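Worksheet for the structure shown next.
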2 protein chains.
Amino acid sequence: MRISELSRRSGVPNATIKYYLREGLLPPGRATAATQAEYDESHLKRLRLIRALTGVRGLSVAACKQVLDTIGDLHSDTHHLLGVVFGIWPSETGRQEPPASGAERPDGARPEADALIKEMGWSISEYNPARGVFDQTVGTLRSLGMDIDWHHFLPYARLAAETARLDMDHIDRFTDPLEKAERAVLMTFLLEPALMALRRLAQEDESITRYGADEHPAGPHPGPGHGTDHE
Amino acid sequence: MRISELSRRSGVPNATIKYYLREGLLPPGRATAATQAEYDESHLKRLRLIRALTGVRGLSVAACKQVLDTIGDLHSDTHHLLGVVFGIWPSETGRQEPPASGAERPDGARPEADALIKEMGWSISEYNPARGVFDQTVGTLRSLGMDIDWHHFLPYARLAAETARLDMDHIDRFTDPLEKAERAVLMTFLLEPALMALRRLAQEDESITRYGADEHPAGPHPGPGHGTDHE
């Protein structure tokens, strides 16, 4: 396909595609004339992944190039591929050495995550940034006077494990590493608001189930909160 | 207790407490001298709720006062109380009428949320903002070329229902409406990063379980991603 069709199908402007070509994020097309080239489905897939990495994960073009280069070397290594696109460790360190800079790793500073991970029997890289997020949240809740620690999160962790299996079932459907990587980014980052929205919806339903009965001691009255005004 | 102890125990500065007293967010203490007053546990609980509503939910002082006034009229109505603190409908409309302004309700604009809620058999207010968030996310994923709709989210919705039961179990432990309201705010809003962190941790573990075997065809090598370098 021509660059204009590539632009239309990817939603990425012509000028941006040309910039990616110059920067080496996209390999050159097959030249058909002095100023024309043909692009194929692999360009489209790569472009979609670039869009996900820059637009959704917020990577710079340079960081995006490093991820793409790393992925290129990892065709059959899905676990490492996912580690790179999830940002579990920086792509620039390659697969040979653990990250030194970029991934903060204050030793012993995540006791809550450590304890929960051990109890769950999970295998988690020391560099997964979610460790820090978890300890930070528990710390915030404690600083606000809540008597809470990682034990409180065990039932949530079990539900998270089931959620992760659904996520991976989806990613598993794709065999092309570029597509797999794109889906992994979209499924992880973009699904978050929807999953949190589902929790809030379910909370309202659970609230009605538990407390709805004593809401209207004088009988039902019209108004919000009953979910009946639409059905 | 004196205002200084109230400040120490709530973490809210003296001057801010005096401001809340002037604005009527906190009821006056019991006067013990011309310039002194005694405060009790109910002041502390109310102050903690104010802190959660302003600091965590990001409400203005005026909006916070409306929530507090509404809660004052709803002592035994837990479902409505939760609806107000979760922001399902604006507190200023009271319990008599559905919200007109403030809660956007573009009719028929949330087909994905509507269909999923119906399939789940949930009772959800038309004004729950999570409806819009859900449809927006599905729309974003579709615009990026994903062939996805609400059906995809059904297994996630079932996990969300279990999550909501855990949330409500926690809130249920508190009988004082002020404490219940504070916990509801903290549990809903502040837990989100921790729950998303658990999902990311579980994804890594699931990735190792599924793909870890073909990661190192030449045998294991030290590096990130194995979760063993710390244990």
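In the text below, chain A, chain B and the rest are named by the order of the sequence lines, each starting its count at 1. No experiment lies behind these values; they were computed from the predicted model shown.
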Taking NZ, NE, NH1 and NH2 as the nitrogens, is one of them in B:Arg210 or A:Asp169 under 4.0 Å from a carboxylate oxygen of the other? yes
When the 4.5 angstrom heavy-atom criterion is applied to A:Leu166 and chain B, the contacting part is both
Would you mind checking which part of B:Gln136 comes under 4.5 Å of any heavy atom in chain A, side chain (CB onward), backbone (N, CA, C, O), both or neither? neither
Given the options A:Val56, A:Leu82, A:Leu195, A:Val133, which has more heavy-atom pairs under 4.5 Å with chain B than any of the others? A:Leu195
Against chain B, label A:Ser207 side chain, backbone, both or neither, depending on which of its atoms sit under 4.5 Å from a heavy atom there. both
Main chain of B:Thr188, side chain of A:Arg199: is a donor-acceptor contact present, judged purely on distance under 3.5 Å? yes
Give a yes or no answer on whether the side chain of A:Arg131 reaches the backbone of B:Leu201 with a donor-acceptor pair at less than 3.5 Å. no
Minimum heavy-atom separation for A:Trp122 and B:Leu198, please, with both atom names. CH2-O, 4.0 Å
Heavy-atom distance under 4.5 Å to chain B: side chain of A:Asp172, backbone, both or neither? both
Closest heavy-atom pair, A:Ala160 versus B:Ala202, reported as atoms and distance to 0.1 Å, is O-CB, 3.6 Å
Give me the atom names and distance for the closest heavy-atom approach of A:Gly121 to B:Asp205. O-OD1, 4.2 Å
Donor-acceptor contact present, side-chain A:Arg51 to main-chain B:Leu144, <3.5 Å: yes
Do B:Phe189 and A:Met196 come within less than 4.5 Å of each other through their side chains, counting heavy atoms only? no
Between A:Met120 and chain B, with a heavy-atom cut-off of 4.5 Å, which part of the residue counts as in contact: side chain, backbone, both or neither? neither
Chain A heavy atoms under 4.5 Å from B:Leu159: which part of the residue, side chain, backbone, both or neither? both
Between A:Tyr156, A:Phe153, A:Phe134, the one whose heavy-atom pairs under 4.5 Å with chain B are most numerous: A:Tyr156
Assert top hit (heavy-atom pairs under 4.5 Å, partner chain B, pool A:Arg48, A:His152, A:Met146) equals A:Met146
Decide side chain to side chain contact (heavy atoms under 4.5 Å, CB included) for A:Ile124 and B:Ile208; before the verdict, give the C-alpha distance in whole Å, the side-chain angles of both, and the deciding distance to 0.1 Å. CA-CA 9 Å; A:Ile124 310 284; B:Ile208 288 179; over 6 Å; no
Based on non-hydrogen pairs under 4.5 Å, which of A:Met187, A:Glu162, A:Glu182, A:Arg200 is most in contact with chain B? A:Arg200
Let me know if A:Thr140 has heavy atoms under 4.5 Å from chain B in its side chain, its backbone, both or neither. side chain
Between A:Tyr211 and B:His79, what is the shortest heavy-atom contact and its length? CB-N, 3.7 Å
Examine whether an atom of A:Arg9 lies under 4.5 Å from a heavy atom of chain B, and if so say whether it belongs to the side chain, the backbone or both; otherwise answer neither. neither
Would you mind telling me which of B:Leu190, B:Leu116, B:Asp167, B:Ile171 has the largest number of heavy-atom pairs within less than 4.5 Å of chain A? B:Asp167
Rounded to the nearest 0.5 Å, what separates atom CZ in B:Arg183 from atom CD1 in A:Ile148? 7.5 Å
